[in-house]
> 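Sharing a structure, written as structure tokens. Questions coming.
Both ligands and their constituent atoms are indexed starting at 1 by order of listing.
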Amino acid sequence: MPGAKIAVMGFGVVGSGTVELLDKNKDIIKKHCGKDVELKYILDLRDFPDSPYRDKLTKNFEDILCDPQISGVAELMGGTTFAYDYTKRLLSAGKSVVTSNKELVAAYGAELLKVAKSHGCNYLFEASVGGGIPIIRPLHQCLAANKFERISGILNGTTNYILTKMIYDQVSFDDALKQAQELGYAEKDPTADVDGHDATRKLCILGSLAFGKHIYPEYVHCSGIRNITLDDVEYAEDAGYAIKLVGLIENTDSGLVATVCPRLVSVNNPLSSVNDVFNAIMVTGDAVGDVLFYGRGAGKFPTASAVVADIIDAIKHEGRDMITLNWEDSCDRSFIRPYKSAKVSMYVRISAENVDSLKATITGMFGYVDFIPRKHRSKNELAFITPVMQESEIDRRLGILSQSAQLKRKIRLL
Ligand code: HSE
């Protein structure tokens, strides 16, 4: 039987991992596909004169698009400009595309899935969320019988590494970020990771799959971890919580609420013990209850593992569309509820001259609060956890409190 010929676009970390894995595990991959898989092109504008794969390199996208032998392409370039244009043209030519590009899927997933369907090929993106963790197929295949209630997850390895360093080694945010950059986890410009945009894109993909409508990044309330301090980490620990950057999407009676923000996660919640660059995603369905997915959320070979699995599926289903995704486009966001209308409990840190004298006022204001007994609390500072109530109502009451105290931080609980 003639082999399947494929191409890889982008020879960076994930691209080179994919190429090496295709080579290293070619016998296993052949068994799954029922035929040899031959890598014919690697598209990249850079030169790699020392690479053992240099004979496959091309700088010309048309080589791939116009080669009738190419049936599947891995788009590992990232971004939404060339990646969008190339993906659309490949799918329109009936060539399946697999990708780790969460930015593209979060922005154009509904559209590209439609293009694939109408041209009898597949657009697959298992590697776009959670690196090597199987989560896309489980969500829309294994868990397809469920009505999803909620998805909560640690979706970004870089920020989880930074927070782990802050929690366990008392390293400041800036120093932990520097370490993450030295280890190659964080980019030189770490904005997408530390400000929550990367996690937001991943939450959009999970939410769109689970709830059937495209959730665009602008539908998600997003805030990152830049302003978290060692004081917050210590207060949280004293109260029995770990601070994590959590992507959360909840299905309420009046719509979906989607947020990416730091949260205090109870030590009883398994997400609290997900450390370093690991990711974890907890999915709650009405039939199955809680299911937890855990593993390496980033990195060369973990991500390549998911990319190659998609390549195998694309080859196995060549010539027919295998996707039965419930993912419609959504131009109006009426199914999304304002995040401040959701009920939440909040960690609050304040400072004032005579902070203890405010305790009675705070208790009167909220009915009941848990004051956090911190070991090394500064005299002028106080932290507490509010009862569960609508976030807008917590804000209103904190607005009154801010007349007699300085509000230093508020962080939602999970
Ligand atoms: N920058 C991402 C992270 C890479 O740190 O999780 C994987 O998507």
Side-chain angles (χ1 to χ4, degrees), residues 10 12-18 21 74-80 83 98-107 109 124-136 139 151-167 173 176-209 217 220 222-226 228 243-248 260-263 271 274-282 293-310:
V13 175
V14 179
S16 60
T18 299
L21 189 60
E75 182 273 295
L76 309 171
M77 304 156 57
T80 54
V98 312
T99 190
S100 59
N101 186 343
K102 57 253 171 186
E103 195 179 352
L104 188 65
V105 181
L124 305 176
F125 42 88
E126 186 62 66
S128 65
V129 181
I133 304 172
I135 178 66
I136 303 294
L139 254 192
I151 299 175
S152 54
I154 294 173
L155 300 169
N156 182 267
T158 304
T159 45
N160 205 39
Y161 174 83
I162 292 172
L163 290 170
T164 304
K165 282 278 149 198
M166 293 176 75
I167 293 168
F173 170 82
L177 172 59
K178 252 184 235 145
Q179 288 183 21
Q181 284 170 321
E182 276 158 23
L183 288 165
Y185 300 146
E187 306 283 334
K188 242 194 202 149
D189 175 3
T191 310
D193 290 319
V194 298
D195 291 338
H197 305 302
D198 176 77
T200 294
R201 291 166 190 147
K202 294 165 179 168
L203 187 73
C204 289
I205 297 170
L206 297 178
S208 303
L209 283 171
V220 179
C222 164
S223 64
I225 64 163
R226 272 185 211 269
I228 303 294
I243 299 181
K244 296 284 176 190
L245 183 71
V246 177
L248 175 67
V260 168
C261 58
R263 289 196 183 253
L271 293 183
V274 174
N275 290 320
D276 293 314
V277 283
F278 280 83
N279 284 192
I281 300 144
M282 174 100 79
F293 299 87
Y294 171 84
R296 292 182 190 280
K300 182 172 175 168
F301 289 111
T303 311
S305 157
V307 172
V308 174
D310 274 352

> Which atom pair, heavy atoms only, marks the closest approach of Pro262 to Ile243?
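Nearest pair, atom of Pro262 first, then Ile243: CB-CG2, 4.2 Å.
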> Distance under 4.0 Å, heavy atoms only, partner ligand 1: which residues pass?
Lys102, Asn156, Gly157, Thr158, Asp193, Asp198, Lys202, Gly297, Ala298
> Which heavy atom in Ala176 sits nearest to a heavy atom in Met166, and how many Å separate them?
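Looks like CB-CG, 4.5 Å.
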> How about Lys244 and Leu271: do any of their side-chain heavy atoms sit closer than 4.5 Å?
no
> CD1/Ile154 to CG/Leu245 distance, rounded to the nearest 0.5 angstrom?
8.5 Å
> For Lys202, enumerate each residue passing the salt bridge (Lys or Arg N to Asp or Glu O under 4.0 Å) test, keeping only those at least two apart in sequence or located in another chain.
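By the salt bridge (Lys or Arg N to Asp or Glu O under 4.0 Å) rule, Lys202 matches Asp198.
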> Side chains of Thr158 and Pro190, heavy atoms from C-beta outward: is any pair under 4.5 Å?
no
